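Presented below is the structure to which this report refers.
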Amino acid sequence: MVTRGLRVAPSGRPGRGRLYVNLPDGQAVAWYDRKANRISVLADERREEILTVLRPYLSGTVAIGPPPVPTAADLLRLALAPDDDLAPNRPGEALIGELTHGAAGTRARHRFRQELAARQRIGEVLDGLPEPEEWRVLHCVGDIADHLVIGPPGVFCVRTIQGRRQRAVVGDLLLTLGRAEPRPEPRTARRAAAYATWALSATVTPILAVVDAARVEVAPTLRDVRVLTPATLGPFLTDPDSEAALGPPDVEALFAAGRDRGTWT
């Protein structure tokens with residue numbers, strides 16, 4: 001939303017993260033924390049304009065004042081240029097752009113639509129995780145991941161596979177759909193997770209999320225790459241028996257680094 005030169009932009013998952021109020025050049029002048037129901041004002045001289053642009057999003061009694069002492073993650077986020085911020089990306093953002101503006105042929109566009117539907121399906125699962133305040137999700141992280149998930153159990157690099165209602169056979173090195181030529185999806189997932197581990201200085205687990213396959217068969221020797229479906233992805237991530245590897249400050253710090261396009265270039 002844009003009003004009187006100020007722009008409201010979401011941070012994190014739609015409807016759950018903060019709302020930032022930015023100047024046209026991307027500089028933040030305030031943010032609204034939905035969880036705390038508090039508006040932190042950075043430019044007090046524009047307080048009335050800030051309240052006007054945020055009014056449609058407010059509910060109940062809202063506290064207003066100067067921001068709390070910023071954390072390191074807050075400082076990174078505030079210094080991030082809008083074009084370098086991956087947090088607003090939708091699932092399949094690159095495919096949406098290709099379908100909207102690309103010059104691909106009919107067959108390629110059909111394939112893009114199928115892949116986009118798969119990424120949106122997994123995006124819905126991730127954006128709907130219980131206890132959303134504990135999780136941060138990034139979609140379309142360059143060539144690294146269709147989805148990057150950060151939460152108490154750790155960091156997960158998710159690559160989405162459109163199963164096309166065929167049998168999916170996943171081995172240590174290759175994935176085969178029906179009678180098509182095998183594809184090196186497990187190796188690609190490993191490489192992406194290894195790069196993310198290096199870029200974030202944190203252990204990243206690779207996941208292959210197979211959507212709409214008639215059947216999924218996984219080789220028993222494949223242990224380092226998790227192969228999941230929309231039905232099993234959420235329970236795997238939120239398994240109550242999993243030990244918490246990351247606290248809230250760690251999650252926020254990794255999210256601040258992951259949303260910066262410069263981390264991945």
Side-chain angles (χ1 to χ4, degrees), residues 12-14 16-17 86-96 112 114-132 134-164 168 170-175 177 183-200 202-213 216 218 222-239 242 245-246 250-251 254-261 263-264:
R13 280 179 275 180
R16 294 172 177 169
L86 302 178
N89 280 0
R90 297 161 292 179
E93 186 77 32
L95 291 174
I96 293 172
F112 287 162
Q114 288 183 316
E115 293 176 0
L116 175 59
R119 295 183 193 185
Q120 289 174 332
R121 176 85 177 277
I122 295 300
E124 289 174 0
V125 172
L126 297 175
D127 288 339
L129 289 173
E131 304 297 335
E134 297 182 356
W135 294 88
R136 297 292 180 266
V137 180
L138 292 165
H139 303 294
C140 199
V141 183
D143 296 327
I144 304 302
D146 296 328
H147 317 275
L148 188 73
V149 190
I150 308 168
V155 185
F156 304 88
C157 187
V158 182
R159 184 172 178 84
T160 305
I161 306 297
Q162 172 55 262
R164 301 172 188 165
V170 189
D172 290 343
L173 302 177
L174 300 171
L175 176 146
L177 285 176
R183 295 150 47 184
E185 299 292 351
R187 287 184 289 179
T188 301
R190 281 191 197 96
R191 286 198 299 268
Y195 183 81
T197 295
W198 173 81
L200 297 174
T203 300
V204 178
T205 300
I207 292 177
L208 287 177
V210 184
V211 179
D212 290 335
V216 179
V218 182
L222 181 63
R223 296 188 178 93
D224 59 329
V225 179
R226 301 305 301 254
V227 181
L228 302 169
T229 67
T232 59
L233 178 58
F236 167 74
L237 293 173
T238 57
D239 184 351
S242 297
L246 301 174
D250 302 314
V251 171
L254 288 166
F255 178 59
R259 68 188 295 176
D260 184 352
R261 190 184 305 276
T263 300
W264 311 104

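Because the structure is predicted, anything quoted here is derived from the model rather than measured.
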Discussion item. For Ala202 versus Leu254, what's the shortest heavy-atom pair and its separation?
Written reply: CB-CD2, 3.9 Å
Response to the item:
Sorted by chain and residue number, the side chain to side chain contact (heavy atoms under 4.5 Å, CB included) partners of Glu124 (sequence neighbours excluded) come out as none
Taking distance alone, no hydrogens or angles, what donor-acceptor pairs closer than 3.5 Å link side-chain atoms of residues 148-156 to residues at least two apart or in another chain?
none

Fill in: Criterion side chain to side chain contact (heavy atoms under 4.5 Å, CB included) on Val204 and Thr197, from CA distance to verdict
CA-CA 5 Å; Val204 178; Thr197 295; 3.5 Å; yes
Discussion item. Using every non-hydrogen atom in the two residues, find where Pro206 and Ala189 come nearest and quote the distance to one decimal.
Written reply: CB-O, 3.5 Å
Practice prompt. Give the minimum heavy-atom separation between Leu138 and Phe255, together with the two atoms involved.
Written response: CD2-CE1, 3.5 Å
Worksheet item: About how many Å separate CG of Leu129 and CZ of Arg136, when rounded to the nearest 0.5 Å?
Response: 12.0 Å
Item to complete: Report yes if the side chains of Glu134 and Val251 come closer than 4.5 Å at any heavy-atom pair, otherwise no.
Response: no
Worksheet, complete the sentence: Contacts of Asp143 meeting side chain to side chain contact (heavy atoms under 4.5 Å, CB included) (sequence neighbours excluded), chain-then-number -> none
Practice prompt. Please answer whether the main-chain N or O of Pro184 pairs with a side-chain N or O of Thr188 as donor and acceptor at a distance below 3.5 Å.
Written response: yes
Item to complete: Could you tell me how the ring of Tyr195 sits relative to the ring of Trp264: parallel (under 30°), tilted (30 to 60°) or perpendicular (over 60°)?
Response: tilted
Worksheet item: Do you know which two heavy atoms are closest between Ile207 and Leu228, and how far apart they sit?
Response: CG2-CD1, 4.0 Å
Worksheet item: Considering residues at least two apart in sequence or located in another chain, which fulfil the side chain to side chain contact (heavy atoms under 4.5 Å, CB included) criterion with Val125?
Response: Pro230, Leu233
Discussion item. Within the structure provided, determine whether Pro186 and Leu175 are in side-chain contact (heavy-atom separation under 4.5 Å).
Written reply: yes
Worksheet item: If you round to the nearest 0.5 Å, how far is CG of Leu174 from CG of Leu222?
Response: 11.0 Å
Discussion item. Measuring from atom CD of Gln120 to atom CG of Leu95, what distance do you get when rounded to the nearest 0.5 angstrom?
Written reply: 9.0 Å
Practice prompt. Tell me, please, which residues at least two apart from Glu93 pass side chain to side chain contact (heavy atoms under 4.5 Å, CB included).
Written response: Asn89, Arg90, Cys140
Worksheet, complete the sentence: Correct closest heavy-atom pair for Pro91 and Arg119 would be CB-O, 3.6 Å
Worksheet, complete the sentence: Value for CD (Glu185) from CD1 (Ile161), rounded to nearest 0.5 Å, stands at 3.5 Å
Item to complete: Looking only at non-hydrogen atoms, find the nearest pair between Thr205 and Arg226 and report the distance.
Response: CG2-CG, 4.4 Å
Practice prompt. Go through the structure and list residues passing side chain to side chain donor-acceptor pair (under 3.5 Å) with Thr263, not counting sequence neighbours.
Written response: none
Item to complete: Would you check if Asp212 and Gln162 make a side-chain contact, meaning some heavy-atom pair closer than 4.5 Å?
Response: yes
Discussion item. If you define the side chain from C-beta out and look only at heavy atoms, does anything of Leu126 sit under 4.5 Å from Trp135?
Written reply: no
Worksheet entry | Test item: Leu173 and Arg190 side chains (from C-beta on) under 4.5 Å apart, heavy atoms | yes
